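These notes are about the structure you will find just below.
Predicted, not measured: the structure shown is a model, and the values here were computed from it.
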Amino acid sequence: MFGLSPEVGQAIEEMGYETPTPIQQEAIPPMLEGRDIIGQAQTGTGKTAAFGIPLVEKIDPSLRRVQALVLCPTRELAMQTAGELMKLGRHRMSLMVVPVYGGQPIERQLRALQNGAQVVVGTPGRVMDHMKRGTLSFDALKLAVLDEADEMLDMGFRDDIETILSATSETRQTALFSATMPRPILALASRYLNNPVQVRIEKRELTVEKIEQCYISVRSFHKNELLSRLLTLEDIKLALVFCNTKQGVESVVTELQHRGFSAAGLHGDMRQIERDAIMARYRNGLINVLVATDVAARGLDIDNIEAVFNYDIPLDVEYYVHRIGRTGRAGKEGRAYTFVVGREVSRMWDYRRITGAKILCRKAPGAEEVEKALCGRVMKEITDHAGEDHSEETRALARQLLESAEAEQAVAAMLDLLIKQAGARTDVTIDLNPPEPVRPPRPAAPSAPVRRGPYGKPVPREMLEKMHSEGRADKRPDERGNYRRDDRRGSERRYDRSDRHASEAGHERRHAGAPRSSGYAPRAEKRDYGAHRFEKGAVRHRTGDQ
């Protein structure tokens, strides 16, 4: 399809690739032409092969010098990328790929570089270390790849990246791949890339459709019980659990091991030899549950992970995409569960809107559901095992059991023991569903509006009947008990008894600030109360206007 050499084509066929992914279909042709490229792609979209196939195709195996450099943010991703490149170049004789990263004995890396490695895959820190030692030279470099560039910048490798690229030839070909395109990434691309081709995967392809995604509301102190129930209910053989902190990883691993699960933790404070040993046991199925921080989100590449659990909700949608991208790989189906506490559910709504994925709300499994699943699983195992050949000792024990008890009672006792043993990892007495918020009862609507007087007391029925007869029931009295009267034109006038009986001289005395007389309050200005129209709702007190 891309005019590749027979050796690379054979390697691709052996790896099981049939049709290119969107990022591969758009990125491979310009890279084979020697163009610089900016690719925006998420984990799990096949971007390693998108730059790996052109890289292996352009390497000259007869030249025993470094011709390609791939920078990765983490050790795990460097090891994964180096493994993929080795598979793609397995039929190209004398092609050597060496991973360089911290935590590994540097002598092994020195020997590989001295033997003439053509491709170097490493973290920026260890690549800088080799450059300072003088053991890594870029005189013959043809291609430089920045994988997960946004993650490298978030981890503080920007100065190292600029130093490494500045030490290479300006005629090199550069490929930059990133999940997001923030401003620092664009600035880095404009400085070190020459007229690049931009390849972007739409947001609708951020998550794999074959991944069944859901979130479950739970109280924080019931997360361990919820995780245990889901692992038991779904009978998950290989699971990946993500926590936001290293302390959270240690706590979850301790709790799972206490409940009888085969679990291990993975975080940044561990030595590289410990991390490699845990990953080897996890790949071989000796560890069923791996609890990790986001340091493992971009470096793990295991095809048969059945489910991913977000024990702590990811802080960003990109982390969410990278986490759930660990399952549903190689065309297989996967499941992703996210535990939300309280108002964290609003963040899941944002993730659903941004990714365009179908993220459903699910209730925590109850005791009856777990017990029913255990019973069905035990019955199936016994039925499948019944058709096999059994030893004479086992048959003798079975006959002895039937002689000591009735057949139905004996089988029921065996089933109870097996189900109890299988369900010992969970506590079915706990109700995991958080209580519904208590809402105050809505007050009942009154049958009829209550008419109240100037002091808030209900108006007697006799007075209401009198007001209805006079046509004043629809008017409210003011603070002094006076009612407004409407003229023919519909305008409202308000009359004050004290002002109506006040003389002109008394009004002038009040206006001039004379001592209070006849119980009248001083006025701010002279008004003609017979002609002045007040606004509706005005309030007047005996102490003055307000």
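The structure places CD of Q40 at 9.0 Å from CD1 of I23, a figure rounded to the nearest 0.5 Å. In this structure, H267 NE2 and D294 CG are separated by 13.5 Å, a value rounded to the nearest 0.5 Å. To the nearest 0.5 Å, atoms CG (L238) and CG (L290) are separated by 8.5 Å. Note that the CZ atom of F242 and the CD1 atom of I313 stand 14.5 Å from one another [nearest 0.5 Å]. Within the model, atoms CG of L141 and CG of L69 stand 6.0 Å from one another, a figure rounded to the nearest 0.5 Å. Taken to the nearest 0.5 Å, the CE atom of M86 stands 9.5 Å off from the CG atom of L95.
Not counting sequence neighbours, F138 has no partner by the ring-ring contact (aromatic ring centres under 6.0 Å, His included) test. Under the salt bridge (charged side-chain N to carboxylate O under 4.0 Å, His left out) criterion, K372 pairs with no residue at all, not counting sequence neighbours. With sequence neighbours excluded, no residue forms a salt bridge (charged side-chain N to carboxylate O under 4.0 Å, His left out) with R343.
When each of R259, H258, Q257 is tested with E255 by the rule side chain to side chain donor-acceptor pair (under 3.5 Å), just one qualifies, namely R259.
Remark: the backbone N or O of G248 is paired with a side-chain donor or acceptor of T245 at under 3.5 angstrom. The closest donor-acceptor contact from the side chain of R323 to the backbone of N310 lies at 3.5 Å or more, if one exists at all. Panel note: side chain Q25, backbone T19; no donor-acceptor pair is recorded below 3.5 Å. In this structure, the side chain of D312 engages the main chain of N244 through a donor-acceptor pair within 3.5 Å. The backbone N or O of M96 sits less than 3.5 Å from a side-chain atom of Q118, completing a donor-acceptor pair. No side-chain donor-acceptor contact under 3.5 Å links T81 to the backbone of T48. With T123 contributing its side chain and R75 its backbone, the two residues share no donor-acceptor pair below 3.5 Å. A donor-acceptor pair under 3.5 Å is absent between the side-chain atoms of R281 and the main chain of I278, judged by distance alone. Judged purely by atom type and a 3.5 angstrom limit, R92 uses its side chain to pair as donor or acceptor with the backbone of I59.
Minimum interatomic distance between P184 and R158 (heavy atoms only, all atoms of both residues): CB-NH1, 3.8 Å. Summarising the geometry of L85 relative to V56, their closest heavy-atom pair is O-CG2, 4.1 Å, with the distance given to 0.1 Å. For P73 against F157, the heavy-atom pair with the smallest separation is O-CE1, 3.8 Å. Of all non-hydrogen atoms in T327 and A307, the two that sit nearest each other are OG1-N, 4.1 Å. The two residues S137 and V66 come nearest to each other via the heavy atoms O-CB, 3.8 Å. Nearest heavy atom pair, residue V121 against residue C72, reads CG1-SG, 4.0 Å.
Within 6.0 Å of CG on L360 lie more than 12 heavy atoms contributed by other residues, nucleotides or ligands.
At least one side-chain heavy atom of I236 sits less than 4.5 Å from a side-chain heavy atom of F309. Counting only heavy atoms from C-beta outward, the side chains of R126 and I106 approach each other to under 4.5 Å. The closest side-chain heavy-atom distance from S228 to F261 is below 4.5 Å. Counting only heavy atoms from C-beta outward, the side chains of Y215 and V345 approach each other to under 4.5 Å. No side-chain heavy atom of Y311 sits less than 4.5 Å from a side-chain heavy atom of V249. Residues D276 and M79 have side chains in contact (heavy-atom distance under 4.5 Å, counting atoms from C-beta outward). Put simply, the side chain of L146 reaches to within 4.5 Å of the side chain of L165, judged on heavy atoms. Between L230 and P365 there is a side-chain heavy-atom pair separated by less than 4.5 Å.
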Q | Step-by-step side chain to side chain contact (heavy atoms under 4.5 Å, CB included) determination, T338 to I359 | A | CA-CA 10 Å; T338 303; I359 307 177; over 6 Å; no
Q | Stepwise salt bridge (Lys or Arg N to Asp or Glu O under 4.0 Å) test for K132 and D129 | A | CA-CA 5 Å; K132 293 177 182 179; D129 191 8; over 6 Å; no
Q) Taking it one step at a time, do E234 and R362 satisfy salt bridge (Lys or Arg N to Asp or Glu O under 4.0 Å)? A) CA-CA 14 Å; E234 305 292 344; R362 175 177 173 180; 3.4 Å; yes
Q. Where do R347 and E344 land on the salt bridge (Lys or Arg N to Asp or Glu O under 4.0 Å) test, with the steps shown first?
A. CA-CA 5 Å; R347 198 181 303 171; E344 291 178 346; 5.1 Å; no
Q: Evaluate the side chain to side chain donor-acceptor pair (under 3.5 Å) criterion for residues H322 and E151: first the C-alpha distance (whole Å), next the side-chain angles of each, then the deciding distance (0.1 Å), finally the verdict.
A: CA-CA 11 Å; H322 288 305; E151 185 72 8; over 6 Å; no
**Q.** Worked verdict on Q24 versus I28 for side chain to side chain contact (heavy atoms under 4.5 Å, CB included)
**A.** CA-CA 6 Å; Q24 296 169 0; I28 291 178; 4.0 Å; yes
Q: May I have the step-by-step check of side chain to side chain contact (heavy atoms under 4.5 Å, CB included) for K223 and V341, ending in yes or no?
A: CA-CA 9 Å; K223 283 185 177 182; V341 179; 3.6 Å; yes
Q) Could you walk me through whether I161 and L153 pass the side chain to side chain contact (heavy atoms under 4.5 Å, CB included) check? A) CA-CA 9 Å; I161 294 174; L153 264 62; 4.0 Å; yes
Q: Take K246 and E250, measure what salt bridge (Lys or Arg N to Asp or Glu O under 4.0 Å) needs, and give me the verdict at the end.
A: CA-CA 6 Å; K246 304 169 186 176; E250 297 294 341; over 6 Å; no
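Using modelled atom types and a 3.5 Å distance limit, the side chains of Y320 and Q213 yield a donor-acceptor pair.
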